[in-house]
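Okay, so here's the structure we're looking at.
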Amino acid sequence: MDILSLLAFLLSCMIQEVGAEMKLSPEELTVLRGEEAQFTCSTTNIQWAVMTWQLNQIPVLTIHNDTGVLPVANPDVSAKESPDSPGDWVFSLKNIERQHRGEVTCNLQDIDRRTASLSVQEKGNVKVFGDNKLVLKGESALFECQAAGWYPEPSLQWQVGDKLVSQSEYNISIEESGKDLFTVTSFHSVTAAKSSHVVCLASVSALTRPLNSSVRLTVEVVQDGDDCTVLLAVTALLAALLLLLLLCIAAVLCYRQRRQAKSSTKEAIWFSQSGSGGGSVAEATGGQFNPGYTSEGPTDAVYNELFIEAGRTMDFATFTKVLKGEDGYSEAFKVPDVVSSSSWSESQTQASLSEESSNNVRRITTV
């Protein structure tokens with residue numbers, strides 16, 4: 001009997017030890033500053049009396065198995081029984097700050113205790129500097145991204161279109177500022193292949209989705225082949241036509257200028273001759289301008305021939321008489337002003353011929 005009693009006692013102790021098994025989940029938890037952290041404490045021992053929650057070994061909440069949660073001074077700390085598993089209690093800590101990081105402990109007094117790890121991170125901001133860019137295909141465009149105000153240092157990654165860029169293709173520099181915050185800066189050079197969005201991603205482990213900032217990269221394609229050849233040909237043709245038009249205009253202007261210069265030269269010569277020759281003739285004859293005078297008639301050669309012939313038939317006295325007339329010198333040979341001395345000779349010859357033929361002197365009235 002004593003042996004049986006001893007075996008029964010040992011068996012009951014083993015059952016009690018198994019029933020005292022407890023679990024705290026999650027064992028590690030990372031949350032962002034300002035968010036809420038939750039831990040669940042479960043046990044198979046229904047005989048526990050008091051459950052105490054500790055934060056960095058400081059009691060912050062107490063639960064009595066019969067009366068439930070006892071009043072607490074901190075409004076950010078609370079606990080409730082799990083609706084899906086009676087006997088399990090969920091501990092909540094709201095408005096997490098960085099000083100809350102450390103150990104979170106669930107203690108079943110006189111039975112067991114479990115401890116989990118709490119980490120607190122801070123989310124900053126991310127920005128790609130500059131505006132949207134327009135580049136030619138094949139050229140390079142440089143982009144700068146900065147993620148500031150993070151704890152711990154964030155991971156930063158580039159994405160062009162739908163493809164993530166390998167970390168070997170861009171550089172990263174990290175600076176630590178006040179309050180243990182980090183700033184990460186990165187430059188990335190993109191070779192333009194097609195139009196797409198260039199995205200900069202920044203993240204810490206507590207973020208379910210990384211923060212991102214993006215700009216638009218527009219790639220302008222220069223057409224090759226026939227289209228380019230036709231464009232060049234049309235451009236060259238238009239340039240040639242324009243050059244030809246300019247040359248024609250220049251030639252016309254030059255021709256007109258030369259004609260005007262030549263005409264001006266002729267007018268200057270004419271005025272010079274009329275000023276020199278005409279004055280001497282007028283002085284010799286004493287005549288004035290006769291509107292009825294015309295220069296049409298025989299040429300100088302004919303006049304010279306007639307004048308020689310007249311000299312053959314008349315002697316000097318007769319010719320002088322003819323010139324004088326019967327009543328002395330006559331004004332018959334007053335002739336209008338002309339531009340050359342040859343006209344004066346022609347007038348004298350014409351007068352002599354008239355005297356020889358009719359022996360009458362033709363009188364010309366001077367106006």
Side-chain angles (χ1 to χ4, degrees), residues 10-125 147 149-155 179-182 201-212:
L10 293 175
L11 182 60
S12 63
C13 289
M14 293 176 61
I15 294 174
Q16 184 177 2
E17 184 178 353
V18 173
E21 184 180 356
M22 63 181 299
K23 182 180 180 181
L24 179 61
S25 62
E27 295 182 357
E28 295 182 356
L29 178 63
T30 302
V31 296
L32 292 173
R33 177 176 174 267
E35 294 186 352
E36 181 180 1
Q38 289 186 343
F39 294 88
T40 301
C41 185
S42 58
T43 179
T44 58
N45 186 356
I46 60 174
Q47 300 299 322
W48 62 272
V50 176
M51 178 185 292
T52 303
W53 288 90
Q54 299 173 350
L55 182 60
N56 293 324
Q57 299 181 358
I58 300 175
V60 292
L61 186 141
T62 301
I63 304 173
H64 197 278
N65 194 12
D66 295 332
T67 60
V69 180
L70 300 180
V72 294
N74 189 349
D76 293 330
V77 177
S78 62
K80 63 180 180 179
E81 191 174 6
S82 174
D84 299 330
S85 179
D88 294 347
W89 287 86
V90 179
F91 171 76
S92 298
L93 179 61
K94 300 178 181 179
N95 298 322
I96 291 289
E97 295 293 339
R98 286 175 62 181
Q99 63 266 24
H100 295 152
R101 60 186 176 177
E103 293 181 349
V104 176
T105 304
C106 177
N107 183 17
L108 291 177
Q109 291 182 359
D110 300 330
I111 298 178
D112 203 355
R113 60 185 298 165
R114 292 288 185 269
T115 300
S117 175
L118 174 63
S119 298
V120 180
Q121 298 179 344
E122 292 196 38
K123 175 180 66 175
N125 58 75
W150 295 77
Y151 179 86
E153 60 187 53
S155 62
K179 298 181 181 180
D180 297 331
L181 297 178
F182 294 90
L201 305 169
S203 178
V204 289
S205 59
L207 280 174
T208 56
R209 296 182 61 182
L211 299 184
N212 67 82

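Along the sequence shown, residues are numbered consecutively beginning with 1. Computed over heavy atoms, backbone and side chain alike; hydrogens, waters and symmetry mates excluded.
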Ring pair (Phe, Tyr, Trp, His ring centres under 6.0 Å) assessment of Phe182 paired with Trp150:
CA-CA 5 Å; Phe182 294 90; Trp150 295 77; over 10 Å; no

List the steps and the verdict of salt bridge (charged side-chain N to carboxylate O under 4.0 Å, His left out) for Arg98 and Asp180.
CA-CA 11 Å; Arg98 286 175 62 181; Asp180 297 331; 3.8 Å; yes

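Contact check for Leu29 versus Phe39: side-chain heavy atoms found under the 4.5 Å cut-off. At least one side-chain heavy atom of Glu122 sits less than 4.5 Å from a side-chain heavy atom of Leu181. Side-chain contact between Ser92 and Gln38: present, with at least one pair of heavy atoms (C-beta onward) separated by less than 4.5 Å. The closest side-chain heavy-atom distance from Val69 to Trp89 is below 4.5 Å. Between Ser155 and Ser203 there is a side-chain heavy-atom pair separated by less than 4.5 Å. Annotation: side chain of Ile96 is not in contact with side chain of Lys94 (no heavy-atom distance under 4.5 Å).
Shown here for Pro59 and Thr52, the closest heavy-atom pair between the two residues is CB-CG2, 4.1 Å. Closest approach of Gly124 to Leu211, counting heavy atoms only: O-CD1, 3.5 Å. For the pair Met22 and Cys41, the tightest heavy-atom approach, listed with the atom from each and the gap, is CE-SG, 3.4 Å. Closest non-hydrogen pair, Val204 versus Pro152, comes out as CG1-O, 3.9 Å. Scanning both residues, Leu207 and Lys123, for their nearest heavy atoms gives CD2-CD, 3.7 Å.
Counting non-hydrogen atoms of neighbouring residues, nucleotides and ligands closer than 6.0 angstrom, the CD atom of Glu36 exceeds 12 such neighbours. Atom CD of Gln99 has more than 12 heavy atoms from other residues, nucleotides or ligands within 6.0 Å.
Atom CG of residue Leu70 and atom CE of residue Met51 lie 12.5 Å apart, to the nearest 0.5 angstrom. Rounding to the nearest 0.5 angstrom, the gap separating the CD atom in Glu81 from the OG1 atom in Thr40 is 12.0 Å. A distance of 9.5 Å separates CG of Leu108 from CD1 of Ile63, quoted to the nearest 0.5 Å. The CD atom of Glu28 lies 7.0 Å from the OG atom of Ser119; values are rounded to the nearest 0.5 Å. Taking OG of Ser42 as the start and CG of Asp88 as the end, the distance is 4.5 Å to the nearest 0.5 Å. Between Arg113 atom CZ and Asn107 atom CG the span is 5.0 Å, to the nearest 0.5 Å.
Between the side chain of Asn56 and the backbone N or O of Arg101, at least one donor-acceptor pair lies under 3.5 Å. A donor-acceptor contact shorter than 3.5 Å links the side chain of Thr43 to the backbone of Glu21. Here the side chain of Glu103 pairs no donor or acceptor atom with the backbone of Ala116 at under 3.5 angstrom. Distance alone, capped at 3.5 Å, places no donor-acceptor pair between the Asp76 side chain and the Leu93 backbone.
Under 3.5 Å, the side chains of Ser205 and Gln121 contain a donor-acceptor pair of N or O atoms.
A cation-pi arrangement is absent between Arg33 and Tyr151 under the rule of less than 6.0 angstrom and at most 45 degrees off the ring axis.
For the side chain to side chain contact (heavy atoms under 4.5 Å, CB included) test with Trp53, the passing option among Thr105, Ile58, Leu61, Val77 is Leu61; the others fail.
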